[in-house]
Amino acid sequence: MVEFKIRRYDGEKSYWQSFEVPAKRGMTVLEALYYIKENYDSSLAFRASCRMGICGSCAMKINDKPRLACETQVLTLGNTVKVEPLDNFKVIKDLITEFDGFFEKLKAVKPHLIRKDDNYAEPKELLQTPEELNEYYVFTLCIKCGACYSVCPAAATLDEYLGPAAMTAAYRFCADSRDEGQKERYEIASSPNGVWRCHLAMECSEVCPKNVEPAKAVQLLRRKTAFSMLKSLLGW
Amino acid sequence: MKVYHDIVVVGSGLAGLRAAIAAAEKNRNLSVAIVSKTYLIRCHSVCAEGGINTVLRETDEFDTHAWDTVKGSDFLADQDAVEFFVREVPTEILRLNSWGCPWSRDDSGKIAQRILGGHSSGRTVFAADRTGFHITHTLYERLLTYPNVDKYEEYFVTNLVVEDDTVKGIAAIELKTGELVFFEAKAVILATGGAGRLYGFTSCSHIVTGDGTALAYRAGVPLKDMEFVQFHPTGLVPAGGVLISEACRGEGGYLLNKNGERFMEKYAPEKMELAPRDIVARAIWTEILEGRGFDSDYGPYVALDLTHLGEDRIKERLPLIREASIKFAGIDPVEEPIPVRPTVHYFMGGIHTNSRSETPIKGLYAAGECACVSIHGANRLGGNALAECLVFGRVAGELAAEYALNAKQGKISAEFRQKEEKRIFDDLLGKSGDESPYQIKKELNETMENYFWIFREGDGMLKGVKKIQELKERYKNVEINDKSRDFNTDLTSAIEIGYMLDLAEVVAIGALKRQESRGAHYRLDYPKRDDENWLKHTLAYYTPEGPKFDYKPVSITKWEPVERKY
Amino acid sequence: MGVSGWFRFKGRSLFSWAFTFQRLTGVVLLIYLLAHLTYLSTLLDTTGATYESMIAITVSRQFLIFDILLILCGVFHGVNGFRIILHEFGIAYGYRKPLLAIFIVIAVVVWLYASYIMYSLTGG
Amino acid sequence: MESAKSVMEPIAWIFQMLTGLVMILLITLHFYVTHMTSHEALKYAEVVSRVAQPEFKAMYAALLLIVSFHAFNGLRAILLDTNAGMRGRKTVNALTTLAFLLAFVYGLYLLFSI
């Protein structure tokens, strides 16, 4: 039996509730949450979908660290498991947090290929060598789960900060050999709420469940942004 | 609350995203809504791994792709639809390329291809083993560039409004507030995916509960070929059937039984592990039934051996598989074989559409897994599902746009709105009862797994049908414990279970009626294919007493049915 | 979360703590800079009497503990800042964990050495 | 979301790092001179005579400039990382710049008065 201490919120008040879950080898925290929902308290609200660590729904704070519930094994956590919603997001209900703003920020950095010859009707095959692909591939693996944002000290104090995930997306496209939109994105990244607010606490890279290294992406983006801004300033 | 859009797309997987883009691209003045019960990139499409089939180079031909598909379908596919389909895929691949999809490449920088089961050559385009994930994100990112698309994320659809054989709109609960929102539209595109959660051991996400299929069915649209449920041969055993991609075998993996034999040589001597999914799944299940599987706490399994591929190839081509095996089973495929057994993966059947994604209801379109065009017939080939979503998603989007430009605005009457409010909040949420929806779901899963698994037979299925009907009765008496309005996942789970019960009944009775073995539908009491009597599509119509069945001939253009050997 | 996020005790890595201390020591050093400038205003008394009386207070055993803490702030801020600058220029990003450990050791060694000098300066 | 180009930010970012690097050297030197060369280094006469040498004067002037910038630019970053600070961004920028200049000018005044 493992004790699950869950931080709940019903729209008005926040409280802790404990449940005893029979755990066996292989059981994940998500399975335990379903066990609680289906056997003890069906009002428990949490998000989940793919249960294989790729959809990004179930990031939550488990024993004080943001993790994906679906790929966290219960038996690695000890006899008591503390489950809380992610920090730096507004809680809606129990473990469910508001992600609208997070996705707005993603949209703000223009996370799509920008090309002058964009032709919807008759696209041509753009080439890209495996080396060029590897330049940015790791940054495409972001599942937008919000774990990075929840531990970012800049996001903790500044609501409008673009955050690690959005800037990783910006860098991912800037580094794509097929892209022609670097300048536009550098301008967005260099806004006061952009890259300058990151001070490389690098906690985002520590908690990223997909090892995307957002801190590295932000740092690369900042360097490119700064030099691009200075170049245009000096008229080079 | 009431909102108005020209086109409402329900579902945000590949087909839904593609349809929304196509509609928005067709005419920038049309207002398009995309409604999803999750955030857009949390759909099940992200789980697709292996790849997407297309004829991309001169060495391959459209007719070969079409033939492989038709043969794979055990000749139940509509051949006119298949011929149209194969010609449309290449453009979609190149579009995704120019929208930023990180396709895996060959050394010259061209899009690389590999082979999946049932194909005569390597025509599967892929992005490592995260193909669905990358395509979904690429489409999502592209969608953000259309100002005429409004996203309604975390809206749970409760009803499809049809009057006079014309679609009027949908009703959906805005989860955050618990408010019922009515979407009035000229055209509605359903792209809500399959219903894999009818079963417990499945590669499908928790959200794959067949919502749109059930809604269309209740609104009077027939469901086609629902008895054909695909079992993916390789589901990860200790994790409830998480998908282990066909790409593992495409890259050269072996299936081994307890005695270390590559048993596929008995079942498909020519194609071996790369036979179509129905054949490999049956082979594995036969090995397990005959005692040549391994035993474990999580049930029997066979071994999927990748060790001979070498660390580099596994890391480059199958990184997600490796990650999943390590995280969920504690097994590194570089060193040890992966424990696998067949897992419920895909519904070949779905909402009846013609080869242009149109349903019999005016203004209503369906695309993706929730639809049955049918290009997959009785068994889908690996890599054709993503392609289907792109092609028929686009077709649905374009046709809906054309239709919407000339159609009248749909109106949802105040009377209907009141009735729907009452149905959801008073009759379901408000009432008391003594059944738990989760208990019903559990029993439903057991019933489906006992009687409608890989091997089926008449008596068992009859029992299964009775059990499902009993569960439907009991469902009328469920009680939802969480009485609050905001983000009530207890309520939405209960509604989903209601959808699943309807679909289960269609699957079950359709399977019982089809007295032959074809593709994924294999009956021990009728082990042969029967083209004389059963070369036809099943159509199930909703009636309050249960489904009413009808049949429809298969469209055959070039290829007469022959014996299916691999 | 707000600023309290910088001081949350559980579940944070050393990287995050390094950030917190960089901020804290930065503020301390800013205050020290202001104090230092104010202190040096005593040099304006050209007899030197004001300055000497201040020096007598600050270079003393009672004051040593403040000096040592101040040096800790300075050394940490400098050493950790240097680590961050390396990463800012994209150097050794892949070795960020060992680098953090090495730099913490460096900071402690430099701090102990500088503290010893301060200690001997007060006549020890 | 604001996306106005900011010229100040990239320059400030680069100078914060450059000044940081130079400070490591100059402050070590300062510490060495005042605490490690001789026990008398902090005596009034010593200080005055050291500052009278042009090379020391130049070094101290540079150190003063660099430290003031680094300190107040750092403060600016801390303030802008908060909601309140970002709301009054122009004020924060103006006040920290002013503080930097005041500290520098006052330091110079001291340096040249003794």
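No experiment lies behind these values; they were computed from the predicted model shown. Numbers restart at 1 for each chain; the letters A, B, ... are given by sequence-line order, proteins then strands.
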*Can you find a side-chain donor-acceptor pair between B:Y39 and A:D100 that sits under 3.5 Å?*
yes
*List the steps, then state whether side chain to side chain contact (heavy atoms under 4.5 Å, CB included) holds for B:F487 with A:D94.*
CA-CA 10 Å; B:F487 234 110; A:D94 295 346; over 6 Å; no
*Residue A:K210 excluded, over 12 heavy atoms near NZ under 6.0 Å*: yes
*Given a strict heavy-atom distance threshold of 4.5 Å, which part of B:A329 is in contact with chain A: side chain, backbone, both, or neither?*
neither
*Using non-hydrogen atoms and a 4.5 Å limit, figure out which bit of A:L133 sits close to chain B: side chain, backbone, both or neither.*
side chain
*Using non-hydrogen atoms only, which part of A:E71 is less than 4.5 Å away from chain B: side chain, backbone, both, or neither?*
both
*asked:* Would you compute the distance between atom NZ of A:K124 and atom OG of B:S98 and round it to the nearest 0.5 angstrom?
replied: 8.5 Å
*Is it the side chain or the backbone of A:A121 that comes within 4.5 Å of chain B heavy atoms, both, or neither?*
backbone
_Among B:S203, B:S104, B:S436, which residue has the highest count of heavy-atom pairs closer than 4.5 Å to chain A?_
B:S203
*Separation between CD of A:E38 and OH of B:Y438, rounded to the nearest 0.5 Å*: 6.5 Å
_Other residues, nucleotides and ligands only: do more than 12 of their heavy atoms fall within 6.0 Å of NZ on A:K61?_
yes
*Between atom CG of A:L44 and atom CG of B:D482, what is the distance when rounded to the nearest 0.5 Å?*
9.5 Å
*Identify which of A:M52, A:Q73, A:E98, A:R172 forms the greatest number of heavy-atom pairs closer than 4.5 Å to chain B.*
A:M52
*Pick one of side chain, backbone, both or neither for B:R485, based on which atoms fall under 4.5 Å of a heavy atom in chain A.*
neither
*Which pair of non-hydrogen atoms, one from A:G11 and one from B:D486, has the smallest distance, and what is that distance?*
CA-OD2, 4.5 Å
*Quick one: pull up OG1 in A:T129 and CG in B:D107 and give me the separation to the nearest 0.5 Å.*
9.0 Å
_Please classify the contact between B:K441 and chain A as side chain, backbone, both or neither, with a heavy-atom cut-off of under 4.5 Å._
side chain
*Is a side-chain donor or acceptor of B:K176 paired with a backbone partner of A:I92 at a separation under 3.5 angstrom?*
no
*Pick from A:T72, A:I143, A:L30: which one has the most heavy-atom pairs with chain B under 4.5 Å?*
A:I143
*Could you go step by step and tell me if A:E125 and B:R57 meet the salt bridge (Lys or Arg N to Asp or Glu O under 4.0 Å) rule?*
CA-CA 12 Å; A:E125 183 173 355; B:R57 310 280 173 226; 2.9 Å; yes
*Any side-chain heavy atom of A:S57 sitting closer than 4.5 Å to one from B:T38?*
no
*Contact part of A:K107 toward chain B, heavy-atom cut-off under 4.5 Å: side chain, backbone, both or neither?*
both
*asked:* I need the residue from B:P238, B:S493, B:C101, B:P102 with the largest number of non-hydrogen atom pairs under 4.5 Å to chain A.
replied: B:P102
*Under 4.0 Å between a Lys/Arg side-chain N and an Asp/Glu carboxylate O for A:R47 and B:E154?*
yes
*Identify the two heavy atoms, one from A:I54 and one from B:C47, that lie closest to each other, and give their separation to 0.1 Å.*
CG2-SG, 4.0 Å
*Hey, are the side chains of B:E141 and A:K110 touching, using non-hydrogen atoms and a 4.5 Å cut-off?*
no
*Measure from the side-chain N and O atoms of A:E132 to the backbone N and O of B:G109, and report whether any donor-acceptor pair falls under 3.5 Å.*
no
*Please test A:L113 against B:R142 for side chain to side chain contact (heavy atoms under 4.5 Å, CB included), starting from the C-alpha separation and ending with a verdict.*
CA-CA 8 Å; A:L113 220 56; B:R142 174 75 185 188; over 6 Å; no
*Please lay out, stage by stage, how B:I41 and A:C55 fare under the test side chain to side chain contact (heavy atoms under 4.5 Å, CB included).*
CA-CA 7 Å; B:I41 48 172; A:C55 77; over 6 Å; no
*Measuring heavy-atom distances to chain A, does B:I93 have an atom under 4.5 Å in its side chain, in its backbone, in both, or in neither?*
neither
*Is the closest side-chain donor-acceptor distance between A:S43 and B:D490 under 3.5 Å?*
no
_Would you say that B:Y140 contacts A:F103 through its side chain, given a criterion of any heavy-atom pair below 4.5 Å between the two side chains?_
yes
*If only atom types and distance count, is the side chain of B:N97 paired as donor or acceptor with the main-chain N or O of A:L126 below 3.5 Å?*
yes
*Among side-chain atoms of B:T489 and A:K37, is any donor-acceptor pair under 3.5 angstrom?*
yes
*Apply the test side chain to side chain contact (heavy atoms under 4.5 Å, CB included) to residues A:D41 and B:N481: give CA-CA distance (whole Å), side-chain angles for both, the deciding distance (0.1 Å), then the verdict.*
CA-CA 8 Å; A:D41 186 348; B:N481 289 321; 5.8 Å; no
_Close side-chain approach of A:P123 to B:T91, heavy-atom, < 4.5 Å_ = yes
*Does any heavy atom of chain A fall under 4.5 Å from the side chain of B:A127, the backbone, both, or neither of them?*
backbone
*Heavy-atom contact with chain A under 4.5 Å, split by part of B:S45*: neither
*Specify which of A:C145, A:G56, A:S42, A:G26 makes the most heavy-atom pairs with chain B at under 4.5 Å.*
A:S42
*Around B:K483, counting heavy atoms of other residues, nucleotides and ligands shown, do more than 12 lie under 6.0 Å from its NZ?*
yes
*Where on B:A22 is there a heavy atom nearer than 4.5 Å to chain A: the side chain, the backbone, both, or neither?*
both
*Under the side-chain hydrogen bond (donor to acceptor under 3.5 Å, both in side chains) criterion, do A:K93 and B:S484 qualify, and how do the steps go?*
CA-CA 11 Å; A:K93 182 172 182 177; B:S484 70; 3.0 Å; yes
*Judged by atom type as modelled, is there a donor-acceptor pair below 3.5 Å linking the side chain of A:R51 to the main-chain atoms of B:G240?*
yes
_Would you compute the distance between atom SG of A:C50 and atom CD1 of B:I207 and round it to the nearest 0.5 angstrom?_
9.0 Å
*If you measure from NE2 on A:H112 to CG on B:L139, what distance do you get to the nearest 0.5 Å?*
13.5 Å
Output side-chain donor-acceptor pairs under 3.5 Å for residues 134-142 of chain A, partner residues at least two apart or in another chain, one line each.
residue : atom : partner : partner atom : Å
A:N134  : ND2  : A:P130  : O            : 3.4
A:Y136  : OH   : A:Q128  : OE1          : 2.9
A:Y136  : OH   : A:D176  : OD2          : 3.4
A:Y136  : OH   : A:R178  : NH2          : 3.0
A:Y137  : OH   : B:R130  : NH1          : 3.0
A:Y137  : OH   : B:H134  : NE2          : 2.8
A:T140  : OG1  : A:Y137  : O            : 2.6

*asked:* Is B:Q439 close to chain A through its backbone or its side chain, or both, or neither, when contacts mean heavy atoms under 4.5 Å?
replied: neither
*Using non-hydrogen atoms and a 4.5 Å limit, figure out which bit of B:E49 sits close to chain A: side chain, backbone, both or neither.*
side chain
*Taking B:H44, B:R42, B:E25, B:E153 one by one, which has the highest count of heavy-atom pairs under 4.5 Å against chain A?*
B:R42
*asked:* If I measure from the heavy atoms of chain A, does B:F133 come under 4.5 Å with its side chain, its backbone, both, or neither?
replied: side chain
